[in-house]
Visitor: 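Here it is, the structure in full.
Chain A is the first sequence line, chain B the second, and so forth, proteins listed ahead of strands; every chain is numbered from 1.
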Amino acid sequence: MYIAIPLLAVIGLVLSQVYQRLLRKRMPALLKRDWKNQHVYLIQYPRCRTLPNFSPWSLKLETWFRIAGIPFTNINNEFTKFSAKGQVPFVELNGRQIADSNIIIATLRQEFGKTDLEPTDPKEQSVARAFTALAEEHLTWAMLALRSNSKNGLAFPASDDGWGRHFGTGLKKSLIKFIMGRANKKLITGRANAQGMGRHTPDELHAFAKEDLKSISSFLGEKPYFGGDRPTTLDATMFGHLAPLVYIPTPEGILTKIITVTYPNLGQFVDRIKEK
Amino acid sequence: ALSILHTLSSVLSAITCAVYREKKSKQHFPRMLLLKRDWTRNHVYLFTYPRCRRIPNISPWSLKMETWLRLARIPYTAIATFSKGKSIKSSLPFVEVNGRQMADSAIIIETLKVEFGKSLDHSLSSDEVSRCRAITALVEEQMTPCLMVLLLPDVEYLVSDEAWGPHLGRGLTGWFRRRRMERRMRRQIASSVDIRGAGRHSYAELTDLIKEALDALSTLLGDRPYFTGASSSTIDATVFGHVACLVYAPTPDGVLTDYVRITRPTIGKFIERMKETFWPDWEEACRTRNMNTHRNP
């Protein structure tokens, strides 16, 4: 009888810890506690100067929200907050966290009923999916591998045009810039190598990127948007991945030139979406 | 004593310089030392993984490469190897042709098309070319990494007797080699998929992604015999290489195999058709583990 109470207390303590640990893994703490109903909270990297966002996936997501007309609020993640999957961008909606930009788009499309943003023809849907894969997985990784290979291709995020403004001033700023530049380069190089693109030479990567841009340009043709007359999800994706190539200086400026000069319809497409 | 130190330091610095230079130029200059010394002219030597029991080659890119060589009617000899370190990009498959080594299937295909003067994709319009490129990206960069994540818990299958086990040896040495290979494969696959984001999805999300990719493929194929109409081209080899691995290599619950065979019979029939046309020696190759059961043109 005398050991029952402390035993129960111990068991209760252990169970509560286990419960907390398990639950903490499943339900990450929300960043925005006082959330409004049916309002999306988008957590992404802070703003840059020449480009709203450095990450293609964040840019794609935010462009999609603007095209779809979904009310959203941007929240700065201070480089420290990541989703349950360890990724950025992610959203919080109605008390739930959704990660991975493609899953977010699919879920929010259903929730807000924005089915008019997809081509209705299944063949066009398949083609859209294929081109999404081309831009997202092939072109962007080729670009990242190129940047990590070249000397100052990865200098943008830490520079003044990028996130420099957020670092404060003076010594703290230079220190953060220095450390972040190095760490960023190592991170991106490691990622490119693991992904597989990092093992190609810069010439081969340029060839890949050029062929990809050629394909995308040929697919766009003379249409104002990828979906025809109205922007669709594919337009958001393409803009998200092409705009960094235009607005962030690429190694030797080759890719930027390719987009604006060799395939002017791509450059015009980027400008058109930007205006909107 | 000082002179010894001097000699030692110069020797060490020479070694370090040599090693550093070797590492640095590894990517930009191809290896001078070929693996196949007595090569025949205009004959491709394909270095790839050994044969398995259910599928000639368990790596999608290697299967795609071999299918393409058969499709393009290029004479080749397949050589089984595990050592990626010998190729310039440290990747399999790689080829040696006319005294030069090339790696990465996409680059190999483009180069061999020019070198052997194959008019395989010449009749395609620029629209179709761009579409084929997009389909290639969908299959290679989105679908197959998801498949890899699904197969990651079953890496033991790769070194089992059905797959590469017999090639890794028997007895105690074999056991050690198998464990080492298993660890190596697991590390490599895990790092590659984790970076892409595919490694972070849940099982349901992965199967959904693969199913959507298969849907897209079957829609794009339609009722044509091949992706580009009546005659086969590079994109067919690509899709076959990746989807055949999905169908024939066992997934934990056979969900995806059923999906291909039953729910999306278009793609299932396409795989069968490619198999009949370009791999009539499938059973023989798998049973005898012979690398060269094909007949060269």
Visitor: Would you compute the distance between atom NE2 of A:H138 and atom CD of B:E141 and round it to the nearest 0.5 angstrom?
Guide: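 Separation between the atoms: 5.0 Å.
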Visitor: More than 12 heavy atoms of other residues, nucleotides or ligands under 6.0 Å from CZ of B:R224: is that the case?
Guide: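 Counting neighbours around CZ of B:R224, more than 12 heavy atoms of other residues, nucleotides or ligands fall under 6.0 Å, so yes.
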Visitor: Quick check for you: among A:T132, A:V127, A:D212, which has the greatest number of heavy-atom pairs under 4.5 Å with chain B?
Guide: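 Looking at each option in turn, the highest pair count goes to A:D212.
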Visitor: List the atom of B:R133, the atom of A:L134, and the distance in Å for their closest heavy-atom pair.
Guide: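 Where B:R133 meets A:L134 most closely, the heavy atoms are O-CD1, 3.7 Å.
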Visitor: Roughly how far apart are A:S215 OG and B:D127 CG, rounded to 0.5 Å?
Guide: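 Going from the OG atom of A:S215 to the CG atom of B:D127 covers 10.0 Å.
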Visitor: State which residues pass salt bridge (Lys or Arg N to Asp or Glu O under 4.0 Å) with B:R131; sequence neighbours excluded, sorted by chain then number.
Guide: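 Counting only residues at least two positions away or on another chain, B:R131 forms no salt bridge (Lys or Arg N to Asp or Glu O under 4.0 Å).
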Visitor: What distance do B:L220 atom CG and A:R129 atom CZ have between them, rounded to the nearest 0.5 Å?
Guide: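 Answer rounded to 0.5 Å: 10.5 Å.
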Visitor: Roughly how far, to the nearest 0.5 Å, is the OG atom of A:S218 from the CD atom of B:E128?
Guide: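 Going from the CD atom of B:E128 to the OG atom of A:S218 covers 10.5 Å.
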Visitor: For a quick test of reading the model, state the closest non-hydrogen atom pair linking B:L138 to A:A133 and the distance between them.
Guide: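 Looking at all heavy atoms of both residues, the closest pair is CA-CB, 3.4 Å.
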Visitor: Just how far is it from atom CG of B:L221 to atom OG of A:S126, taken to the nearest 0.5 Å?
Guide: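 Atom-to-atom, B:L221:CG and A:S126:OG are 11.0 Å apart.
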Visitor: Atom CG in A:N102, atom CD in B:E205: separation rounded to 0.5 Å?
Guide: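 Here the interatomic distance stands at 11.0 Å.
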Visitor: Run the salt bridge (Lys or Arg N to Asp or Glu O under 4.0 Å) test against B:E110 and tell me which residues pass, sequence neighbours left out.
Guide: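 Salt bridge (Lys or Arg N to Asp or Glu O under 4.0 Å) check on B:E110 returns B:K113.
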Visitor: Identify the heavy atoms of B:S130 and A:F131 that sit nearest to each other, and give their distance.
Guide: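 The pair with the smallest heavy-atom distance is O-CZ, 3.7 Å.
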